[in-house]
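Below: the structure, in structure tokens.
Values reported hereafter were calculated over all heavy atoms of this structure, with side chains retained and with hydrogens, waters and symmetry mates removed.
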Amino acid sequence: MAEIEFTQEDFDVFDIEGLDARMEALKKRIRPKFEALGIELAPTLSSMTGDEFFTHVAKHARRKVNPPNDTWVAFAANKRGYKKLPHFQVGLFGTHLFVWFAMIYEAPAKGEFAERLLDNPGEWLKKVPKDFVWSIDHMKPEAISQSDVDAEAFTSMLTRLRDVKKAELLCGIHIDRQDPILKDGDALLKRIEETYQHLLPLYHEAQKASVPS
């Protein structure tokens, strides 16, 4: 499992100046590790969810000037894309590795998903471990600790997800770039799989929201 280990040099890719140079480093250093994660995680997620999952490694093809500040691999139950669907991610910012369940702004079912969770936000919060984090913008490295989110704050996040076109909701974990688990491929893979197991209720609820009534 050595190919799934992440080193300090991997995180330092985001210090490289210039789009072409940074993209070349991402392709050389990070993309093979994401592809290796896909070989392991797509079948696992298929087994966990009952849906066939496919791997989508970020290509950053739309970038023409500014180099990316993060990169990721996404897993979704569609071979052609993931952004419009509830999906899972593993990725890097310069400071940490992230593991997410995600409903991002392109997902047409995010409003219905929010409505479903708004029926009982306190109960949904209880399903999330205290060491997890939330994000309302997948492009920013900052996250909100689960321990800092009460039912009122969660209701506000869900209401925003429902009512604001660009709103998003992601839940999962951050692993600091210095964490020794990143150098142990087997342990890291197990941690990612355990994280996704905790996030399955959110995924299944999002899938229900995505099915036309």
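The shortest side-chain heavy-atom distance between Phe154 and Leu117 falls under the 4.5 Å cut-off. Side-chain contact between Ser145 and Asp131: absent, with no pair of heavy atoms (C-beta onward) separated by less than 4.5 Å. Put simply, the side chain of Trp124 reaches to within 4.5 Å of the side chain of Leu202, judged on heavy atoms. Annotation: side chain of Met48 is in contact with side chain of Glu193 (closest heavy-atom distance under 4.5 Å). Side-chain atoms of Thr195 and Trp100, non-hydrogen and from C-beta on, never get closer than 4.5 Å to each other. Inter-residue side-chain proximity for Leu158 and Thr155 is flagged as unmet; no heavy-atom pair is nearer than 4.5 Å.
Transitive grouping of hydrophobic side chains (ILVMFWY, heavy atoms separated by less than 4.5 Å) keeps Val73 and Phe98 in distinct clusters. In the hydrophobic clustering of this structure, Phe54 does not group with Val57; members are Ile, Leu, Val, Met, Phe, Trp, Tyr whose side-chain heavy atoms approach within less than 4.5 Å, directly or through other members. In the hydrophobic clustering of ILVMFWY residues, with side-chain heavy atoms under 4.5 Å counting as a link, Leu41 and Phe34 come out together. Under a hydrophobic clustering in which Ile, Leu, Val, Met, Phe, Trp and Tyr are joined whenever their side-chain heavy atoms come within less than 4.5 Å, directly or via other members, Val133 and Leu97 fall into different clusters. Hydrophobic cluster membership is shared by Ile136 and Leu125, with clusters built from Ile, Leu, Val, Met, Phe, Trp and Tyr side chains linked at under 4.5 angstrom.
With sequence neighbours excluded, the residues that form a side chain to side chain contact (heavy atoms under 4.5 Å, CB included) with Arg177 are Gln8, Phe11, Asp12. With sequence neighbours left out, Val128 forms a side chain to side chain contact (heavy atoms under 4.5 Å, CB included) with Phe132, Trp134, Gln146, Cys171.
Lys33 contributes a side-chain N or O that, together with a main-chain N or O of Glu5, makes up a donor-acceptor pair within less than 3.5 Å. In this structure, the side chain of Asp184 does not engage the main chain of Ile181 through any donor-acceptor pair within 3.5 Å. With hydrogens and angles ignored, the 3.5 Å screen pairs no side-chain donor or acceptor of Arg22 with any backbone N or O of Asp15.
Using a cutoff of 4.0 Å between basic side-chain nitrogens and carboxylate oxygens, Arg191 and Glu194 are not scored as salt-bridged. Using a cut-off of 4.0 Å between Lys/Arg side-chain N and Asp/Glu carboxylate O, Arg116 and Glu112 are scored as salt-bridged. Of the charged side-chain nitrogens involved, at least one lies within less than 4.0 Å of a carboxylate oxygen, so that Lys126 and Glu123 count as a salt-bridged pair.
For Glu9, the CD atom sits in a packed shell: over 12 heavy atoms of surrounding residues, nucleotides or ligands are nearer than 6.0 Å. The local environment of NZ in Lys190 is sparse, with at most 12 non-hydrogen atoms from other residues, nucleotides or ligands closer than 6.0 Å.
The one candidate from Phe75, Phe53, Phe113 that meets the ring-ring contact (aromatic ring centres under 6.0 Å, His included) condition with Tyr203 is Phe53.
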Let's go through Arg31 and Thr71 carefully: what are the C-alpha distance in whole Å and the side-chain angles of both, what is the deciding distance for side-chain hydrogen bond (donor to acceptor under 3.5 Å, both in side chains) to 0.1 Å, and is it a yes or a no? CA-CA 9 Å; Arg31 193 171 293 175; Thr71 193; over 6 Å; no

Lys208/Glu205 under salt bridge (Lys or Arg N to Asp or Glu O under 4.0 Å): CA gap, chis, key distance, verdict: CA-CA 5 Å; Lys208 293 175 186 175; Glu205 202 67 16; 3.7 Å; yes

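The shortest heavy-atom contact between Ile192 and Leu37 is CD1-CD2, 4.1 Å. Of all non-hydrogen atoms in Ala102 and Leu170, the two that sit nearest each other are CB-CD2, 3.5 Å. Tyr196 approaches Val99 most closely through the heavy-atom pair CE2-CG1, 3.5 Å. Taking every heavy atom of both residues into account, Phe101 and Ala206 meet most closely at CZ-CB, 3.8 Å. The minimum heavy-atom distance between Leu169 and Met157, with the atom names listed, is CD1-CE, 3.7 Å.
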What donor-acceptor contacts under 3.5 angstrom involve side-chain atoms of residues 80-96, with partners at least two apart or in another chain?
residue	atom	partner	partner atom	Å
Tyr82	OH	Trp72	NE1	2.8
His87	ND1	Tyr82	O	3.3
His87	ND1	Leu85	O	2.9
His87	NE2	Gln89	NE2	3.0
His96	NE2	His174	NE2	3.4

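Atom OG1 of Thr159 and atom CG of Leu118 lie 5.0 Å apart (nearest 0.5 Å).
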